[in-house]
Structure formats: C-alpha cells, structure tokens
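Data first, discussion second: the structure below is written as structure tokens.
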Number of protein chains: 2
Amino acid sequence: MNDSPRRRELTRLAAQLFVQEGFDRTTVRMLAQEMGIKSGSLFHHFRDKQEILCAVIEEGTQNALAIAREALEACAPTPEARLHAMARAHLETLLTDRNAHVVALYEWRRLDAESRAHLSHLRDAYEALWQEVVGDALEAGLIHGDKFLVSRFVLGALNWTVRWYDPEGSRTPEELARELIAMITPPSH
Amino acid sequence: MNDSPRRRELTRLAAQLFVQEGFDRTTVRMLAQEMGIKSGSLFHHFRDKQEILCAVIEEGTQNALAIAREALEACAPTPEARLHAMARAHLETLLTDRNAHVVALYEWRRLDAESRAHLSHLRDAYEALWQEVVGDALEAGLIHGDKFLVSRFVLGALNWTVRWYDPEGSRTPEELARELIAMITPPSH
DNA sequence: TGTTTACACTAGCGCTTGCTTGGTTATGCT
DNA sequence: AGCATAACCAAGCAAGCGCTAGTGTAAACA
C-alpha cells in the first residue's frame, strides 16, 4: 500500500488526469482506464481517492525541495548566485514536474484536514529555504524590503508562470529566472 | 434571467459557497438552501449550474476593471503614482470582492468553452491596462525589464496574496502595494 | 376583471459517483 | 508440490447528482 514502483507510475498518470479534468471531475473509472485496469483494482493501491491526490502532491513537493537543495549546493556561495539558483530550480521543477505542481497549486483545497496537515510541513520547509536565501540577499544589500514579504512576492510571481509560460517559446527557465532577479535588484548589480 | 437584483444577491452567496467547497463539490441543493429556496427554484434565475459560475467570475472581473480605472483617474498622472494606484486597487478589490476573485483564480478551468471565451475578453482588457501602466513606468526609467514579463510577475505576486494575506493583520493593502512597488524600483526613487 | 409575469414549490427521472465484495490469476518462495 | 502474496476483475450497492415537469400564488398590468 505504501510506495511500490507500480504505485509511483499510477501517481504520475493520476497527476496528468487531475490537471486535465480537475480532481473532482476525475472519476475513479477514468483513472482506472488510463492505468489500464478496472476501477475496483485501484483500491488495491490506494485506500481511497483522496490518497491519490495526496500522493501526487507529496511527490511534487518533495521533488521541488530536493532540486532546490541540490541547486544551492551546486552554485557559487554568493547571495546573488543562490537567489538565482533558487528561482531557476523553481521554474525547472515547475516545468519538468508540471502536472504535480499544477495539482498542488489548484487542488490543494480538495485535501482533507489530515492530508493537508501532513503536506503543510513539506511546503513550510520549502518556503523556509526561500526565506533563508532571501534573507541573505537582504543582508548583503542586494535587494531591499521585508524578508517574508519579498519571499512571498517572488514565489507568487514564479507560481503564476504556470498560467502563461510556454516551454516551446523563446525563453528558457534560466533566462526567466535572470529576468525576475533583475527586476528586484537595482541595475548596478 | 439576465440581471435582476435578486440574481445579483444569489451570485454573491454562490461565490461564498464556491470558495468554501469548490465549484464541483457545491451542489445545487446546497446553493438553494443557502439562498433560502428549493433547488428547483434555482433554475428560474440561472439556466444551469455553469451560468452561476460564469456570473460570479464576470462580476468580480468587471468590478476589478472598474476600480482600476477609477483609481487611475483619481491619482496623480506620474508613472510612479499610477503604478502604485494599480497595485493598491488590485489588492483592495482582492479584499472587498475576495470570494469572486478566489473563484476566478481557482475555478477558471471548470468553465465551459464559450463562457471562458466570453470572460477572456474581460480579463485581457484588465491585463492590457496593467501592461500600459507598466510600459509607461519602463519608459520613465522607474523600473527595468520587459513590459509583458514585468506585468505578469507583478500580477502573479499580487494574486498570490490571497493565499497568505490576513486582512486582520498589521498591514493595509496600501502598505502592501507600496512594499511591492518598492521591491521592483531602485531605492533612489 | 381577467391576464400576464415573477418567483417559488413538489416530486422525481435518469444517471453517475466512490467504494465494497467475493473471487480469480500470475509470480515467486520454501 | 504447496503455499503466500500481490494484482487484478466482475458485479453492483447506496447515495447523491443536475436538471425537468407541472403546479401554486401573489403582485402588476390591461
């Protein structure tokens, strides 16, 4: 019931359907068909429909956290490079793991209380990482404002990209990240 | 069927329920009960459930557009004042008309094709207004970057506030707007 | 006074929903 | 060979869904 390889694959498929149709409009029968099994068999892998949603969001968030940490370890230890690495990592995970993140953003309210509490911790850890990096950039005089406020503004700007960003377009996540950081840092830098 | 005062009131109540439960989980029976009528009577005011969702979003967007235009007419004609007026108007309409806007943000995908096309025009008009104001600020050298990119980053940051902003907290929309503008303008201004 | 209009009601149709039950098949271990 | 376990299926239950049909009623208008 926990996390077999099969379950992981089913979770990926579910994420895709949840994005296309929305969680509530995605029936267990649709999920089963997409997975090539009958609807009843679904409940061998997941306790109920809620648990599928929870699994989708959990994997997306955990990936985002892991990628952000890797990006921080791989980049130069300057506040500017760290800020840029975070933004770029966020955009890239938003792209490669798009389905899971869109679900996390738009179906969060469909989680029941306990799932939400469980996932909140993960999300908080991710936001704390941002606040740390933004805080360092503030102390270095790279940007100005309130640590929490800036973090939230930046995260909002980044998450909003799922509504308009076209990966086939001319801009890479790398460029997008640079333009965002350029927007909030004085031109002298 | 068009827009009686009764219908307008029902739309407001529907917005509240859509926020609490989500569109799909809100049944016509719940809507009717909240409105103090029976479920059948609902279809005297709205052709179907979809039309209620459409009405909610339409009113919210039209209000936002109207308030933004008023704010622009009322403020000083400098690029900085206009930018600030737009941000402040956005935050205020997000607050006073919160339900409608949350629905517009999170239930957009539940609209059918024709409703979406109809509402897209309204939304585009609103975004065009932003791009105009941001464009002026760019030409004046107040901020730097790409017109469309900056508009989208800013709108993303503003819309994300519905996830964390607490109106009972210490910050007013006025202050929030100022801090956002301060973040993207060099300290010299 | 008779007719229309707006708004509400009762009753329920036809369909879909998430999930359960009880049993079958394939795989691999001892 | 005997057995355990994981993965699946067929069938269907109970509840809930959006929406319709037909009716009642009180105010507004002719």
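The chains referred to below are lettered A, B, ... by the order of the sequence lines, with proteins before strands, and numbering in each begins at 1.
- Distance, A:Phe23 CZ to C:dT17 P: 13 Å, rounded to whole Å.
- Listed nucleotides D:dC19, C:dA8, D:dA7 differ in distance to A:His44; the shortest reach to its side chain belongs to D:dA7.
- A salt bridge between A:Arg7 and A:Glu51 is present, with a side-chain N of the basic residue lying under 4.0 Å from a carboxylate O of the acidic one.
- An OP1 or OP2 oxygen of C:dC7 is reached within less than 4.0 angstrom by no side-chain nitrogen or oxygen of B:Ser41.
- In this structure, the CD atom of B:Glu21 is 11 Å from the P atom of D:dC17, given to the nearest Å.
- Note: CD (A:Gln50) to C1' (C:dT17) measures 15 Å, nearest angstrom.
- To the nearest 0.5 Å, atom CZ of residue A:Arg178 and atom OG1 of residue A:Thr172 are 7.0 Å apart.
- For B:His45, no side-chain nitrogen or oxygen approaches OP1 or OP2 of C:dA6 to under 4.0 Å.
- Here D:dC8 presents its P atom at 14 Å from CG of A:Leu31, a figure rounded to the nearest Å.
- When the side-chain nitrogen and oxygen atoms of A:Arg25 are compared with OP1 and OP2 of C:dT17, none of them lie within a distance under 4.0 Å.
- Residue-to-nucleotide proximity on DNA chain D shows that, of A:Lys38 and A:Arg29, the 5′-proximal contact is made by A:Lys38.
- When ring centroids are compared, A:His90 and A:Tyr126 come within the 6.0 Å threshold.
- Grouping the Ile, Leu, Val, Met, Phe, Trp and Tyr side chains by contacts below 4.5 angstrom, directly or via other members, places A:Ile67 apart from A:Leu91.
- Residue A:Thr27 is the one, among A:Gly40 and A:Thr27, whose nearest nucleotide of DNA chain C lies closer to the 5' end (criterion: closest heavy atom).
- If you take CZ of B:Phe43 and C1' of C:dA11, they are 15 Å apart, rounded to a whole angstrom.
- Minimum atom distance to the side chain of A:Val28 is reached by C:dC19, of the listed D:dC19, D:dC17, C:dC19.
- One atom, CG of A:Leu10, and another, C1' of D:dC8, lie 12 Å apart when rounded to the nearest Å.
- Distance B:Arg47 CZ to D:dT20 P: 11 Å, rounded to the nearest Å.
- By the rule that hydrophobic residues join a cluster once side-chain heavy atoms approach within less than 4.5 Å of another member, B:Leu122 and B:Leu111 end up as members of one cluster.
- Each of D:dC19, C:dA8, D:dC8 was ranked by its minimum atom distance to the side chain of B:Ile37; first place goes to C:dA8.
- Across the protein-nucleic acid pair, B:Asp24 atom CG and C:dT16 atom C1' stand 14 Å apart, rounded to whole Å.
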